[in-house]
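Heads up, the thing below is written out as structure tokens.
In this text, all values refer to a predicted model and were calculated from it rather than measured experimentally.
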Amino acid sequence: MTMYAILGVAVCLAVFGASAGAANLIVMALAPVVRRWARGCSPGTRATALFLTASLPAALAVLATFAFALPAFLLFEPAWAGETIGFILPLLAFAGLGIAGASLRTAIHLQWTNWRVSRRWRSIAHPMGSSQPDCRLLQVPVEGALLGTVGLIHPSVYASRDMVANLNHEELAAALAHEAGHVRASDNLKRLILLSSPGLALTDRFLGLRKEWTRACESAADEAALQAGVSPLDLAAALVKAGRLRFNADAAQLAAMSHLVAPASESDVQHRVRQLVARMDTAAPPVSPRTPLRWTYATVAAGALAAYAVYFFPLMRSAHELLEFLVR
């Protein structure tokens, strides 16, 4: 029974590693096409398309492992009978273990850093009134540019005393509306997924999808603030004032945090300000265009889940036949 469990773990790790590697090759081929298509889309659609492309290695690796390899092994693999194992399974299993271990370590490190810094901020912060029901605003008595959202489930917006002192009431409300856009889009969770996505660090050196997604989601949060009724001038002024401040040292440690102005992003701030200034004489687009896209995602997901349920056993038999090539 112990050898059966070891074989099952090895098979799952091998499938995880092989799927992540294959998905990275797919991403390298798919990314240029997605980029060209997304140029003409709204900031929210562009950010979603880039995130789905960049997170494909994680999604396919998890799906192949837990939706196909594991149930197929449990259903059709007989109890350990001393069958001979080839060299492919251990090789892929060690690769999968390395990828999964690195991803888990990165995710734990990012969350631990976020928790440690935000815990220190909470101990010295005091709450402020917020115009956004999605955001709890806490002022922290620290210096530098700090205005951003920390947390996944119940996120909080932290603002340094320098930011509060430099922004007037309208500009602070505009910055909070921007952060509320990040909260509604679950950008902190998406950031954590991309930063710990299996094997993406290697391909991202050539593709730069994470940085491009960050720029797109910042523009999408700006757009969400405008759709909420914020003045483009107030948001642009908040960006300019935040960009002039020295970045807070503690905030610079938090990679899985949504910043109003991220570290080392002067050119991005200039681009966002130009976009906002260009919007001053135009009406904000309606909020509804994102709804059909969400219905499309829901329809596709429901159809895939229904097909998986209907063809479950034939799929598992086919998956088990493929697993046999790994074991032999």
Transitive ILVMFWY side-chain link Leu138 to Leu147, under 4.5 Å:
no

Does this structure show an ion pair linking Arg279 with Asp222, if we count only N-O contacts that are shorter than 4.0 Å?
no

How long is the gap from CG on Leu89 to CD on Glu324, to the nearest 0.5 Å?
10.5 Å

List the steps, then state whether side chain to side chain contact (heavy atoms under 4.5 Å, CB included) holds for Leu146 with Leu260.
CA-CA 8 Å; Leu146 165 61; Leu260 176 66; over 6 Å; no

Check whether any side-chain heavy atom of Cys12 sits under 4.5 Å from a side-chain heavy atom of Phe73, and report yes or no.
no

Does some side-chain heavy atom of Leu172 sit less than 4.5 Å from a side-chain heavy atom of Asn168?
no

Where do Leu276 and Pro232 come nearest, in terms of heavy atoms and distance?
O-CB, 3.4 Å

Do Glu77 and Leu7 come within less than 4.5 Å of each other through their side chains, counting heavy atoms only?
yes

Under the side chain to side chain contact (heavy atoms under 4.5 Å, CB included) criterion, do Phe76 and Arg317 qualify, and how do the steps go?
CA-CA 7 Å; Phe76 297 110; Arg317 289 187 184 278; 3.5 Å; yes

I need the single residue from Glu179, His182, His259 that forms a side chain to side chain donor-acceptor pair (under 3.5 Å) with Thr149. Which is it?
Glu179

So Glu223 and Ser42, side chain to side chain contact (heavy atoms under 4.5 Å, CB included) or not? Walk me through it.
CA-CA 9 Å; Glu223 193 66 38; Ser42 67; over 6 Å; no

Report yes or no: do Ser258 and Arg191 form a side-chain donor-acceptor pair below 3.5 Å?
yes

Counting only N and O atoms by type, is there a donor-acceptor contact under 3.5 Å from the side chain of Asn188 to the main-chain atoms of Val183?
no

Can you confirm whether Arg116 is buried at CZ, in the sense that more than 12 heavy atoms of other residues, nucleotides or ligands lie under 6.0 Å from that atom?
yes

Would you say Lys211 and Arg215 make side-chain contact, with heavy atoms under 4.5 Å?
yes

I'd like to check Leu322 versus Val15 (side-chain heavy atoms, cut-off strictly below 4.5 Å). Are they in contact?
no

Does the side chain of Leu13 come within less than 4.5 Å of Phe94's, by heavy atoms?
no

I'd like to know if the side chain of Ser160 reaches the main chain of Met163, judged simply by a donor and an acceptor atom lying under 3.5 Å from each other, with no hydrogens or angles considered.
yes

Which distance, rounded to the nearest 0.5 Å, do you find between the CG of Asn248 and the CG of Asp162?
9.0 Å

Centres of the Phe68 and Tyr308 rings: under 6.0 Å?
yes

Leu305 reachable from Phe312 in the ILVMFWY side-chain graph, under 4.5 Å edges:
no

Is the shortest side-chain heavy-atom distance between Gln111 and Leu192 below 4.5 Å?
yes

Does the side chain of Leu56 reach to within under 4.5 Å of the side chain of Phe51, using non-hydrogen atoms?
no

Polar side-chain atom of Thr45 near backbone of Cys41 as donor-acceptor pair, under 3.5 Å
no

Has Lys190 got a side-chain atom pairing as donor or acceptor with Ala185's backbone, closer than 3.5 angstrom?
yes

A quick test of your reading: do over 12 heavy atoms of other residues, nucleotides or ligands sit less than 6.0 Å from NE2 of His126?
yes

State, to 0.1 Å, how close Phe247 and Val261 come at their nearest heavy-atom pair, and which atoms those are.
CE1-O, 2.9 Å

Are Leu110 and Val117 connected, step by step, through hydrophobic side chains (Ile, Leu, Val, Met, Phe, Trp, Tyr) whose heavy atoms are closer than 4.5 Å?
no

In Å, rounded to the nearest 0.5 Å, how long is the span from CG of Leu239 to CZ of Arg272?
4.5 Å

Donor-acceptor pair, Ser19 side chain versus Phe16 backbone, under 3.5 Å?
no

In one Ile/Leu/Val/Met/Phe/Trp/Tyr side-chain cluster, 4.5 Å: Leu137, Val164:
yes

Heavy-atom pair with the smallest gap, counting every atom of Ala174 and Ala225
O-CB, 4.3 Å

No-hydrogen, no-angle side-chain donor-acceptor test under 3.5 Å, Gln253 and Thr113
no

Taking every heavy atom of Ala177 against every heavy atom of Val230, the minimum-distance pair comes out as CB-CG2, 3.5 Å

Would Thr53 and Trp213 count as a side chain to side chain contact (heavy atoms under 4.5 Å, CB included) here? Give the steps.
CA-CA 10 Å; Thr53 304; Trp213 172 81; over 6 Å; no

Nearest heavy-atom contact between Arg136 and Ser156 is NH2-OG, 2.8 Å

Do you know the tightest heavy-atom contact between Phe66 and Pro71?
O-CD, 3.4 Å

Honestly curious: do Phe87 and Val11 fall in one hydrophobic cluster under the side-chain, below-4.5 Å linking rule?
yes

With rounding to the nearest 0.5 angstrom, report the NE2 to CG distance, His109 to Leu104.
13.0 Å

